[in-house]
Amino acid sequence: MAADIKLSFPNAKGYSVRNLKYMSKFASTYPDEQFVQTVSAQIPWSHNVAILDKVKGEKQREWYIRKTAENGWSHNVLIHQIESGLYERQAIADKISNFESRLASPQSELAVQTMKDPYIFDFIPFKEDMVERDIEQALVQDVTKLLLELGTGFAFLGNQYHLNVGGDDFYIDLLFYNLNLRCYVVIELKTGEFKPEYAGQLNFYLAAVDGILKKDNDNPSIGLLLCKSKNALVAEYALKDMSKPIGVSEYKVTSELPEALSKQLPSVEDIQKHIKRD
């Protein structure tokens, strides 16, 4: 068929054997013509091909199509989001927050949808002895990738953002403004497991931001605690009586090598032996 099309329409492009196979797969995957015209048509063909190749479930495919159209992801960004498991981390993750009880609708629903668990900071080189400030500085050095991971609508306002409360100085790890939520977003980083006192500290920061920075047309500020690990039940109890809207998520600085691949790589001892022989 590809050869016949080339003979009959020599100036037509896009009808290679590979593309025709994808067209056939596309037609069988999306039999609903209305869906094709109204949903999948919103993104480029190369993006549709990437989703066909890398996403198996029907709900997942539609979610990535809609998010691509909504956020204007490039082909490479779309692939990164799929390979980082964004659907699992954002759409169906069991998120811990008190947003629904502390925020009015629709801000509460949008805040929950915006959250991820875990957040993936795979652009940061991992070190065993990293402290909060190391991670914070690494995130700030590549703000573009940080904003991509946080999601659409985030504007970076600063790190170690200074607040003076009654003559005392306080410093917020990371401060953002979210244009979709129309509110300030305070992010605190912790290198260890979640502790209840972290929520109390963030609750204070949010009260200060609402009192000092928030304008009348802004929505209530939102806090996000990013911890290396968390006990979900402890986090839920800690947020239960907090007056400010707070979410708790884990983060990963770098993805570990798959076990199958790590077994194929030489150990440090093997490399040293090889250097000695040479």
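Between Tyr87 and Tyr64, the ring-plane angle classifies as tilted under the 30° and 60° cut-offs. Relative orientation of the Phe176 and Phe154 rings is perpendicular, given thresholds of 30° and 60° on the angle between their planes.
We find that Glu132 and Lys190 are not joined by a salt bridge, their nearest charged nitrogen and carboxylate oxygen being 4.0 Å or further apart. Of the charged side-chain nitrogens involved, at least one lies within less than 4.0 Å of a carboxylate oxygen, so that Asp117 and Lys230 count as a salt-bridged pair.
Sorted by first and then second residue, the pairs that involve residues 57-76 and meet salt bridge (charged side-chain N to carboxylate O under 4.0 Å, His left out), not counting sequence neighbours, are Glu62-Arg66, Lys67-Glu70. Among residue pairs with one or both ends in residues 147-164, those qualifying as salt bridge (charged side-chain N to carboxylate O under 4.0 Å, His left out) are Arg89-Glu149; sequence neighbours excluded.
Between the SG atom of Cys227 and the CG atom of Leu224 there is a distance of 9.0 Å, given to the nearest 0.5 Å. Of the inter-residue distances, the one linking Ile212 atom CD1 with Ser221 atom OG reads 11.0 Å to the nearest 0.5 angstrom. Separation of atoms CZ (Phe156) and CG (Leu147) is listed at 8.0 Å; rounding is to 0.5 Å. Atoms CG and CD, from Leu86 and Glu88 in turn, are 8.5 Å apart once rounded to the nearest 0.5 Å. Between the CD1 atom of Ile82 and the NZ atom of Lys54 there is a distance of 7.0 Å, given to the nearest 0.5 Å. Here the CG-CD distance, from Leu202 to Glu188, works out to 6.0 Å after rounding to the nearest 0.5 Å.
Hydrophobic cluster membership differs between Ile96 and Phe99, with clusters built from Ile, Leu, Val, Met, Phe, Trp and Tyr side chains linked at under 4.5 angstrom. Tracing side-chain contacts under 4.5 Å through hydrophobic residues (I, L, V, M, F, W, Y), one never reaches Leu139 starting from Leu175; they form parts of separate clusters. Criterion: ILVMFWY side-chain heavy atoms under 4.5 Å apart, direct or through other members. Under it, Leu239 and Ile222 are not part of a common hydrophobic cluster. Under a hydrophobic-cluster definition in which Ile, Leu, Val, Met, Phe, Trp and Tyr are linked whenever side-chain heavy atoms come within less than 4.5 Å, directly or via other members, Trp73 and Tyr119 are assigned to different clusters. Leu157 and Leu174 fall into different hydrophobic clusters, where Ile, Leu, Val, Met, Phe, Trp and Tyr are joined by side-chain heavy atoms under 4.5 Å apart, directly or via other members.
Here the closest heavy-atom approach between residue Thr114 and residue Leu181 is recorded as OG1-CD1, 4.4 Å. Taking all atoms of both residues into account, the shortest heavy-atom contact from Cys183 to Gln107 is SG-NE2, 3.6 Å. When every heavy atom of Ile65 is checked against every heavy atom of Phe35, the shortest pair comes out as CD1-CZ, 4.1 Å. When every heavy atom of Ala138 is checked against every heavy atom of Ile124, the shortest pair comes out as CB-CG2, 3.7 Å. Of all heavy-atom pairs between Met23 and Gly14, the closest is CE-O, 3.3 Å. Contact record, Gly247 with Ser97: CA-CB, 3.7 Å, taken as the closest heavy-atom pair.
The shortest side-chain heavy-atom distance between Asn231 and Glu193 falls under the 4.5 Å cut-off. Leu78 is listed as a side-chain neighbour of Ile51, based on a closest heavy-atom distance under 4.5 Å. Side-chain contact between Asp173 and Ile187: absent, with no pair of heavy atoms (C-beta onward) separated by less than 4.5 Å. Looking only at side-chain heavy atoms (C-beta outward), Val49 and Asp53 come within less than 4.5 Å of each other. Two residues are said to be in side-chain contact when any heavy atoms from C-beta on lie closer than 4.5 Å; Gln160 and Ile172 fail this criterion. No side-chain heavy atom of Asp122 sits under 4.5 Å from any side-chain heavy atom of Lys252. Taking the side chain as every heavy atom from C-beta outward, Ile120 and Tyr251 never approach each other to under 4.5 Å. In this structure the side chain of Leu225 never reaches within 4.5 angstrom of the side chain of Ser249, judged on heavy atoms.
Around atom OH of Tyr171, more than 12 heavy atoms belonging to other residues, nucleotides or ligands sit under 6.0 Å away. For Lys95, the NZ atom is densely surrounded, since the number of other residues' heavy atoms within 6.0 Å is greater than 12. Within 6.0 Å of atom CG in Asp216, 12 or fewer heavy atoms from other residues, nucleotides or ligands are found, so the atom counts as exposed in its surroundings. Residue Glu100 places its CD atom among 12 or fewer non-hydrogen atoms of other residues, nucleotides or ligands, all under 6.0 Å distant. By the neighbour-count criterion of 12 heavy atoms within 6.0 Å, atom CD of Glu33 is sparsely surrounded, having that number or fewer from other residues, nucleotides or ligands.
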Enumerate, atom names and distances included, each donor-acceptor pair closer than 3.5 Å involving a side-chain atom of residues 1-9, sequence neighbours excluded.
from: Ser8; atom 1: OG; to: Asp4; atom 2: O; distance (Å): 3.1

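Side-chain polar atoms of Asn48 and Ser40 form no donor-acceptor pair below 3.5 angstrom. Side-chain polar atoms of Tyr184 and Asn219 form no donor-acceptor pair below 3.5 angstrom. For the 3.5 Å distance criterion, the side chains of Glu109 and Gln113 fail to qualify, holding no donor opposite an acceptor.
Within the 3.5 Å criterion, the main-chain N or O of Lys21 finds no donor-acceptor partner in the side chain of Ser24. Asn164 places a side-chain N or O within donor-acceptor distance of the main-chain N or O of Gly167, the cut-off being under 3.5 Å. A distance-only check finds a donor-acceptor pair linking the side chain of Lys116 to the backbone of Leu150 [under 3.5 Å]. Remark: side-chain polar atoms of Asp134 are paired, donor with acceptor, to backbone N or O of Val131 under 3.5 angstrom.
Between Trp45 and Tyr22, the gap from one ring centroid to the other reaches at least 6.0 Å. Separation of the Phe170 and Phe204 ring centroids falls under the 6.0 Å cut-off.
Looking at residues two or more places apart in sequence or on another chain, you find no ring pair (Phe, Tyr, Trp, His ring centres under 6.0 Å) involving Tyr15. By the ring pair (Phe, Tyr, Trp, His ring centres under 6.0 Å) test, His47 pairs with His75, sequence neighbours left out. Among residues two or more places apart in sequence or in another chain, the ring pair (Phe, Tyr, Trp, His ring centres under 6.0 Å) test is passed with Phe123 by none.
Considering Arg102, Lys244, Lys215 as possible partners of Asp210, the one that fulfils the salt bridge (charged side-chain N to carboxylate O under 4.0 Å, His left out) test is Lys244.
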